[in-house]
Amino acid sequence: MDKTYQPQAIEQRIYDRWEKSGYFAPQGEGAPYCIVIPPPNVTGTLHMGHAFQDTIMDTLTRYHRMKGDRTLWQPGTDHAGIATQMVVERLLNAEGKSKHDLGREHFVARVWEWKEESGGLIAQQTRRLGASVDWSRDRFTMDEGLSAAVRKVFVQLYDEGLIYRGKRLVNWDPKLHTALSDLEVLTDDEDGHLWHFRYPLASGDGHLVVATTRPETMLGDSGVAVHPEDDRYRHLVGQEIILPLVGRRIPVIADDYVEPEFGSGCVKMTPAHDFNDYEIGKRHNLAMYNIFTDDAALNDEVPERFRGMERFAARKAIVAELDELGLLEKVEDYVVKIPRGDRSGVVVEPYLTDQWYVKIEPLAKPAIEAVESGRIRFVPENWSKTYFEWMYNIQDWCISRQLWWGHRIPAWYDDEGNIYVGDDESAVREKYQLKSIALRQDDDVLDTWFSSALWPFSTMGWPEKTDELQQFYPGSVLVTGFDIIFFWVARMIMFGLKFMDDVPFREVYIHGLIRDQDGQKMSKSKGNVLDPIDLIDGIDLESLVEKRTRGMMQDHLGPKIEKATRKHFPDGIDQFGTDALRLTFAALATTGRDIRFDLGRIEGYKNFCNKLWNAARYVLMNTESLDTGDVKFSSADRWIKSQLNKVTADMHQHLSAYRLDLALHSVYEFTWHEFCDWYLELSKPILQSDDSSDAEKRGTRQTLIEVLETILRLLHPLMPFVTEEIWQAVAPRASIAGDTIMLRPYPEVTPDAEDAEAVADIEWVKQFILGIRQIRGEMDISPGKALVVILQGASESDLRRAATEENLLRRVGRVESVSTLDAGEEPPAAATALLGDMRLLVPMKGLIDVDAERTRLTKQLDKVKAELERSNNKLGNKNFVNNAPPDVVTQERERIAEFERTIAQLIEQIGKLDELV
RNA sequence: GGGCGAUUAGCUCAGGGGUAGAGCGCCACGUUGACAUCGUGGAGGUCGCAGGUUCGAAACCCGCAUCGCCCA
């Protein structure tokens, strides 16, 4: 074995072997355990969020696989309608072509080409993370089988009246020319204006003032609304307004929706271009004037001089004209909520179009009930509130998109516009008994999330009744970010209940978002994106700068990003390896909060990999001559096995509760600070001393290899590569058969391993050595210098331990000799450490500075005095003594007694020092 | 406007009615036959502020402040 751990030499080789050997496929006869991967965009690349999520899922998967469950982690990718289509359109644009030049069929073919070309990348990157997904079952949302599932669901929902086509106001993206669901629209505060216009009354008696943030929509106004109780305007309700610039007569109506305090208390009504106005318009039968083209330019509905104007140009022109006419009362600065398409970034326009909708309420009801009743549990629990909040206020889901890339809607129209829905054209003809009439398929495709909603069962072969469905539906847990609870989680629950008659998973583990070191969201335009692969393989500064500034949409950000990158990563990024990255994610995977990715921590976990590596080297070096024969276990052997048992219990507890951070913390602490720091050191005296018997040496060698092998299995779900690599060398030594650690059983708790006596003995040894080390450290005595130690006030058990463990004390504590003070014998001038009631004396002769020792003891004394005072105050309080639980009071009394003994000893010892001066 | 979360050591974060924790960073010493990606010792915090409950609050409750997110 190399002296240091070199991840890059190992990881890919190990993964290839795992995959080729078929270890990732479900096996055995255990209880089924299943996670479906949230399918990433097939043409995308791996980002920190994926890496984090994959780490969590892989850890759970490996844990359950080792526990003997029949475990499936179902992989796959998503066609990501809008995102993918946009990328390919951009590629075409770069060639000077548009999708219309190619036509639908060729364009879609081109997207498939792009998918084949780039589709392997994210899968390759996922492999680098060590993800143990069953690649043999890889699925894509536009595979034939999954597409058939989509059609079946659509047809059935349509036949049941749960999908309908309707003309309604939708969020229209004028750049992408498609409708969007509410969820795909992001609303943000932006600086804008509030324009106050005068609308003349038809009667000629003056005007009303209306305020608007969107002057261009006034060309589509079909009314003015006031509050029914507003005395200022009550008498005007029912009268008419002459709409300026247009000349249309429009009514004044009264509606509760109007807030009298806002602006003038009069609101212009544009029912075809505003969601609130639309609702009010319907209540009052107002006309709906659609004034936009699908590019959001003005159409032929408006006066000729405005036609063809782009919406923001039109805004200027309209304000200018009204101003000229003396109808502009004032303009105020105003913060406006601006809705933008999450993909295009352009302002979304409420737009009247024909779209397909899912009638959601009948589906939402059981989905709410499933969470209320606990059939599905959110972890952490409070995310269920977010879920309920949305589900109670859910709106019908607009599922049609005016795109070419996606599942084409299985609906056909005849020349009269009648709708026929079925699996394909011939099925439709048969179903509706249509003979020779012409049919034309709907041009639209379905929202990407429609197929994602079927993922937990479509990947298992639904609608066929497959073995997989039988075994792996419902899944065990869904692991995802809170940002897609609405997009995806809720919809899977609704469709799962509808089509499988059962929930799609029993638990939903919601993790936080990965942010940068300053808590900022990682984004290309901020230039703060970290690529998980760069953390694994490392990257030099110049490449990192180049990567972060390449292909910027806004060129002016480049220099800023470059500067920040050079500042944060002056030496680029080191190579940390996959295991270190995974450990970092696990450590940060605390519930209910976002994660600032901290480079400092990944370095620490790389060191942990190295620590484990070197511990293994030590164990292997010392177990070459494992033979059979009598075995005797030392107290150190029994102690470490007892401690190991506790960590094992911790791991089961924390991993079952999705607390990867606590699990890691526990096993890290044990491995480094108990196994390496203490046990390996305590094993050396036994193995290297001629005084130990062969049986004792055998006991320690056996324990070394046994505990190490168990640690590897405990750690494997968290850090699969290094544990496998080491295990390959360790297993034969431990006489363990098996080709891979990943299919070995996860360690179980064995109550027999607990050994309170050994734990107490070794705890005593540790305290002894720590006391000596403290003297050494604070007295500046070189670590190499062996010290003479005299015991004063030793009890019988102290004497027993000093005798049995003398070898450990000498070698690990670097103690030259341990002797006891005879009764009545005067102790020499010495530095002191306390071990219970016993004093450890290190004679000073030329070694120790009296003043320094006095300072050191005084410092200890002050500390204990402070503690004593606090405890005395407590016990002096009658209320405490009367009300606190008896064991707490007893414990406090014991502490006081101990403090007092310690103080007495320290004072005595300080007195001794003073005599010397 | 409604809701959720956060505020603990210089930094990143655990914890949680009775003794304040980790990693990194910092200081000092050290090449001891696993590991300098290391070892040993040490410094460092009135747990955001103000009330309340309690014998006892960093923790529970109420309010406030700051930051972040979600929904309107």
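First the proteins, then the strands, lettered A, B, ... as listed; each starts at 1.
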Remember a base hit wins even if backbone is also touched, and classify [X] as base, sugar-phosphate or nothing at under 4.0 Å, heavy atoms.
X	answer
A:E389	nothing
A:K3	sugar-phosphate
A:L662	sugar-phosphate
A:N877	sugar-phosphate
A:R895	base
A:R773	sugar-phosphate
A:R659	sugar-phosphate
A:L770	sugar-phosphate

Next on the checklist: Hydrogens and angles aside, do A:H673 and A:D677 bring a side-chain donor and acceptor to less than 3.5 Å of each other?
Outcome noted: yes
Closest listed nucleotide, where the reference is the side chain of [X] and the choices are [options]:
X	options	value
A:T4	B:A43, B:U37, B:A72	B:U37
A:E778	B:G18, B:G41, B:C38	B:G41
A:D677	B:C4, B:U40, B:A72	B:U40
A:K859	B:G39, B:A43, B:G18	B:A43
A:N382	B:C4, B:G18, B:G41	B:C4
A:R596	B:G15, B:C13, B:C38	B:C13
A:E681	B:U37, B:C35, B:C71	B:C35
A:C676	B:U37, B:A34, B:C70	B:A34
A:N610	B:C35, B:G39, B:C13	B:C35
A:Q6	B:C71, B:U37, B:U12	B:U37

Both distances below 3.5 Å, Watson-Crick or wobble geometry, any strand: find the nucleotide opposite [N].
N	value
B:G1	B:C71
B:G21	B:C13
B:G30	B:C38
B:U53	none
B:C47	none

Next on the checklist: On RNA chain B, compare the nucleotides closest to A:Y618 and A:F482; which residue's is nearer the 5' end?
Outcome noted: A:Y618
Length of the [atom1]-[atom2] vector between [X] and [N], whole Å:
X	N	atom1	atom2	result
A:R870	B:U19	CZ	P	7 Å
A:F597	B:G23	CZ	P	18 Å
A:H673	B:C35	NE2	C1'	14 Å
A:I775	B:G42	CD1	P	12 Å
A:D516	B:C11	CG	P	16 Å
A:W672	B:C24	CH2	C1'	11 Å
A:K521	B:C69	NZ	P	8 Å
A:N882	B:G56	CG	P	13 Å

Checklist entry - Between A:Y668 and A:W672, does the ring centre distance come in under 6.0 Å? => result yes
Item to check | Centroid-centroid under 6.0 Å between A:F576 and A:Y605 rings | outcome: no
Checklist entry - Has the side chain of A:R814 got a donor or acceptor atom sitting under 3.5 Å from an opposite partner on the base of B:U32? => result yes
Item to check | Side chain A:K385 and base B:C4 donor-acceptor under 3.5 Å | outcome: no
Item to check | Student check: side-chain heavy atoms of A:L599 and A:H568 closer than 4.5 Å | outcome: no
Checklist entry - B:A34 and B:G39: how far apart are their C1' atoms, nearest whole angstrom? => result 12 Å
Next on the checklist: Donor-acceptor pair, distance only, cut-off 3.5 Å: does the side chain of A:R733 make one with the backbone of A:L620?
Outcome noted: yes
